[in-house]
Amino acid sequence: SLKADIYYQTASCYESLDNLEKAEEMYEKSLDEEPFNDYVWLSLGLLLERQERNEEALQAYDFALTVNDSLEAAVLSKANLLMFAERYNEAIDALTSYLATGAESEQVLCFLGECYEYLGDIQKSVDYYRKALERDRNMADAYWGIGKILRKQGDYENAISTIDYALQIEPENPDYLITKGEIFMEIGSTNAALDAFKTASELCPNDVEILAMITLVLEIIYPDVNVDELKNCTSFSAKLLTMLHAALLYYRTGDTPSCRSLIWQMEDLSPACRDKFFEILPEALENPEMMMRPYLPF
């Protein structure tokens, strides 16, 4: 109905403004008007997942699939949430039920491959990844999945080449780059690992886990770099402390552009953390490159 559609569009606007409470209210009003709208149930589930209300989100996805058992976005969202919770058998049930409707999906096959990978059933995992590739030779997630399995089997050379194939298809996928960096770490190719992690960090500048990997690699490559001053920085959050750690290492190892990018991120998040950087390294204040806000292409 027109009324339900207006509520739905209003909810979308509130959600884009990060007013999640009002967005939820409008989605529910839309469902009061049209309780069998699968896409509104899906949108509500995604909103609840944003708020980490995962059980409620799963219920919303179930309602969407009850209305329309061939709604791929709902089954993928449900399976992804179950996989995040390490409820792999439940995710498998949801995915196989979807395929039983006669639907065909390379992404669903890849999700099944990932579930069986986590359960340790390598043969079934590889079978599903190969089925995905039989349907689409450019299914990058399938190459990534096979690369991860090759890594577990210690076949690092083929693991890297397989993940490189995934990166040829999706060159800006940070997950592939992180896996590649981890493999390089395992075989002792620290400079190659650093390159992979830095590229991933450029794609996801706010990902603290990637920054933590970068600091680990930098400390391996440059063991004499001193960051003892961090012991006196306990007032900062773990995220800010990781950013400060990385910024210090970047500067002391000569990577001024990466350091500058982090400094300006800290300026936006916590001026006190940025000030602490210059307190530790006052000579950086004399570096004109550090004072220029980096260009952001968005």
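This one's a predicted model, so the numbers in the text were calculated from it and none came from an experiment.
Interatomic distance, Arg50 CZ to Asp18 CG, rounded to the nearest 0.5 Å: 5.0 Å. In this structure, the separation between CD on Glu33 and CG on Asn37 is 11.5 Å, given to the nearest 0.5 Å.
Between Glu186 and Arg151, at least one side-chain nitrogen of the basic residue sits less than 4.0 Å from a carboxylate oxygen of the acidic one, meeting the salt-bridge criterion. Electrostatic pairing of Lys152 and Glu117 counts as a salt bridge here, judged by a charged N lying under 4.0 Å from a carboxylate O. Under the 4.0 Å criterion applied to side-chain N and carboxylate O atoms, Glu24 and Arg53 are assigned as salt-bridge partners.
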(message) Run the side-chain hydrogen bond (donor to acceptor under 3.5 Å, both in side chains) test on Asp141 and Gln107 for me, step by step, so that the C-alpha distance in whole Å, both residues' side-chain angles and the decisive distance to 0.1 Å come before the verdict.
(response) CA-CA 8 Å; Asp141 273 355; Gln107 193 63 62; 3.1 Å; yes
(request) Just do the side-chain hydrogen bond (donor to acceptor under 3.5 Å, both in side chains) check on Ser43 and Tyr8 with the steps written out, would you? (result) CA-CA 9 Å; Ser43 299; Tyr8 176 77; 3.3 Å; yes
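Here Asp93 pairs with nothing under the salt bridge (charged side-chain N to carboxylate O under 4.0 Å, His left out) rule; sequence neighbours left out. The salt bridge (charged side-chain N to carboxylate O under 4.0 Å, His left out) test applied to Glu55 returns Arg87, not counting sequence neighbours. Leu31 is linked by a side-chain contact (heavy atoms from CB on, under 4.5 Å) to Val40, Trp41, Leu44, counting only residues two or more places apart in sequence or in another chain. In this view, Asp255 and Lys198 satisfy the salt bridge (charged side-chain N to carboxylate O under 4.0 Å, His left out) rule, not counting sequence neighbours. Checked against side-chain contact (heavy atoms from CB on, under 4.5 Å), Asn68 has the following partners two or more places apart in sequence or in another chain: Asp38, Ser70, Leu71. Here Asp164 pairs with Ile160, Leu167, Lys180 under the side-chain contact (heavy atoms from CB on, under 4.5 Å) rule; sequence neighbours left out. For Gln9, the side-chain contact (heavy atoms from CB on, under 4.5 Å) partners at least two apart in sequence or on another chain are Asp5. Listed by chain and number, the residues in a salt bridge (charged side-chain N to carboxylate O under 4.0 Å, His left out) with Glu134 amount to none (sequence neighbours excluded).
Here the shortest heavy-atom pairing between Thr242 and Leu211 reads CG2-CB, 3.9 Å. Between Tyr27 and Leu47, the shortest heavy-atom contact is CD1-CD2, 3.8 Å.
Not one N or O on the side chain of Ser261 forms a donor-acceptor pair closer than 3.5 Å with the backbone of Pro257. In terms of modelled atom types and a separation under 3.5 Å, the side chain of Thr179 and the main chain of Asp175 share a donor-acceptor contact. One N or O on the side chain of Ser30 and one on the backbone of Ala4 form a donor-acceptor pair closer than 3.5 Å. Although no hydrogens or angles enter the test, the distance criterion places no donor-acceptor pair under 3.5 Å between the side chain of Ser189 and the main chain of Ala192.
Around atom CD of Glu28, more than 12 heavy atoms belonging to other residues, nucleotides or ligands sit under 6.0 Å away.
Membership of the apolar cluster around Met26 extends to Tyr7, Tyr14, as traced through chained side-chain contacts below 4.5 Å between ILVMFWY residues. Grouped by direct or indirect side-chain proximity (heavy atoms under 4.5 Å, Ile/Leu/Val/Met/Phe/Trp/Tyr only), Tyr143 sits with Ile122, Val126, Tyr129, Leu133, Met139, Ile146, Ile149, Leu150, Tyr165, Ile169. Membership of an apolar cluster is not assigned to Leu17, as no side-chain contact below 4.5 Å to another ILVMFWY residue is traced. Other members of the cluster containing Leu2 are Ile6, with ILVMFWY side chains joined at under 4.5 Å, either directly or via other members.
For the pair Val108 and Tyr98, the minimum side-chain heavy-atom distance is below 4.5 Å.
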